[in-house]
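Counting from 1, the numbers follow the sequence of the chain as shown.
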Amino acid sequence: MLRLPRKTLYALDAVLDVAYNARPDPVQSKDITARQNIPPRYLEQAMQQLVRAGILKGVRGPRGGYTLARERRRISVADIVSVISIDDEADDAGSDLGLEVVRPLWSEIQLEIMERLSQITLEDLCRRAENAGVEKAGARTRDFTI
């Protein structure tokens, strides 16, 4: 089974959290960590990479945190994956079969996956979350019981 590295999944969860829970104030790291169960050491490293890549904006101060640097409809899943997965590139060591057959095959598959991920935006994922009934941060359910 093809699996994304944990670091990449955490980054996707975190950026989606920022997009989904957008409100006037930036989304704080501690809130993302609590909601998504992401270890702080993974989160801060990923968030800084995403800020440098222009996907997120970091806001300083006591009420600081993160906001999207662009509209949700202008950020694809591939944008996030490509920023975080840069560190996961394989080296060029290996057998002739691996270098001449397996690695090129893997590269083709990765290109196909990235093409598909580039068609999925944060807007699409937020819509999926809403359709699944995922509660937004700060949303309170009202009890109309008398």
Side-chain angles (χ1 to χ4, degrees), residues 1-61 63-141:
M1 180 71 165
L2 180 67
R3 296 179 58 161
L4 284 173
R6 181 170 297 169
K7 183 178 169 186
T8 304
L9 289 172
Y10 285 155
L12 287 168
D13 290 347
V15 175
L16 181 56
D17 188 287
V18 171
Y20 192 64
N21 294 302
R23 52 191 189 278
D25 296 327
V27 179
Q28 296 186 335
S29 296
K30 65 179 180 161
D31 295 331
I32 297 169
T33 299
R35 283 191 294 266
Q36 304 305 325
N37 198 27
I38 300 172
R41 65 187 172 102
Y42 282 104
L43 181 66
E44 284 307 318
Q45 182 182 7
M47 298 304 255
Q48 290 306 311
Q49 286 178 280
L50 293 161
V51 167
R52 283 191 298 274
I55 292 172
L56 295 176
K57 283 193 280 190
V59 179
R60 295 178 187 253
R63 300 189 80 184
Y66 297 96
T67 61
L68 295 177
R70 303 187 303 257
E71 296 171 323
R72 323 191 284 197
R73 64 188 176 91
R74 298 194 185 278
I75 301 172
S76 73
V77 174
D79 293 334
I80 300 161
V81 170
S82 64
V83 167
I84 300 301
S85 297
I86 288 172
D87 297 336
D88 296 330
E89 297 296 320
D91 60 23
D92 290 332
S95 69
D96 287 345
L97 281 175
L99 292 172
E100 299 300 325
V101 178
V102 177
R103 293 252 171 80
L105 172 65
W106 191 247
S107 292
E108 288 173 30
I109 292 169
Q110 286 179 314
L111 282 173
E112 290 174 21
I113 291 169
M114 291 302 284
E115 284 177 23
R116 176 66 178 112
L117 293 178
S118 70
Q119 298 169 8
I120 303 168
T121 66
L122 286 176
E123 181 71 32
D124 298 328
L125 296 182
C126 287
R127 232 180 274 123
R128 284 183 184 203
E130 288 170 359
N131 291 340
V134 176
E135 187 174 323
K136 290 186 177 188
R140 294 191 175 107
T141 55

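- The side-chain hydrogen bond (donor to acceptor under 3.5 Å, both in side chains) with E123 is formed by just one residue from the set R73, R128, R72; it is R72.
- Side chain of D17 to backbone of I32: no donor-acceptor contact under 3.5 angstrom is found.
- The structure places CG of L4 at 5.0 Å from CG of L9, a figure rounded to the nearest 0.5 Å.
- Among all heavy-atom pairs drawn from N21 and R35, the shortest one is ND2-NE, 3.5 Å.
- Each of I84, V83, L68, L125 was scored for a side chain to side chain contact (heavy atoms under 4.5 Å, CB included) with V15, with one residue passing: L68.
- For S85 (side chain) and S82 (main-chain N/O), no donor-acceptor pair under 3.5 Å exists by modelled atom type.
- Taking the ring centre of Y20 as origin, the terminal cationic atom of K136 falls inside the region bounded by 6.0 Å and 45° from the ring axis.
- Taking every heavy atom of both residues into account, G64 and P26 meet most closely at C-CB, 4.0 Å.
- For Q48, the side-chain hydrogen bond (donor to acceptor under 3.5 Å, both in side chains) test picks out Y66, with sequence neighbours left out.
- The CG atom of L97 sits 12.0 Å away from atom CZ of R103, with the distance rounded to the nearest 0.5 Å.
- In terms of heavy-atom proximity, G54 sits nearest to A69 at O-CB, 3.1 Å.
- The structure places OG1 of T33 at 10.5 Å from CD of Q28, a figure rounded to the nearest 0.5 Å.
- The distance from atom CE of M114 to atom OG of S76, rounded to the nearest 0.5 Å, is 7.0 Å.
- Between L43 and S29 the shortest heavy-atom distance is CD2-O, 3.5 Å.
- Once rounded to the nearest 0.5 Å, the distance linking CG of L105 with CD of E100 reads 13.0 Å.
- Only one option out of D79, L12, V77 pairs with L117 in a side chain to side chain contact (heavy atoms under 4.5 Å, CB included); it is V77.
- Atom CZ of R70 is surrounded by more than 12 heavy atoms from other residues, nucleotides or ligands within 6.0 Å.
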Notebook entry, point to check: Would N37 and D13 count as a side-chain contact (heavy atoms from CB on, under 4.5 Å) if you check the C-alpha gap in whole Å, the side-chain angles of each, and the deciding distance to 0.1 Å?
Noted result: CA-CA 10 Å; N37 198 27; D13 290 347; over 6 Å; no
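- Within a 6.0 Å sphere centred on CG of N131, other residues, nucleotides and ligands contribute more than 12 heavy atoms.
- Of all heavy-atom pairs spanning G98 and P104, the tightest one is O-CD, 4.2 Å.
- Note that CG of L111 and CZ of R116 are 16.0 Å apart. Values are rounded to the nearest 0.5 Å.
- Here the side chains of I38 and M47 are not in contact, with every heavy-atom distance at 4.5 Å or above.
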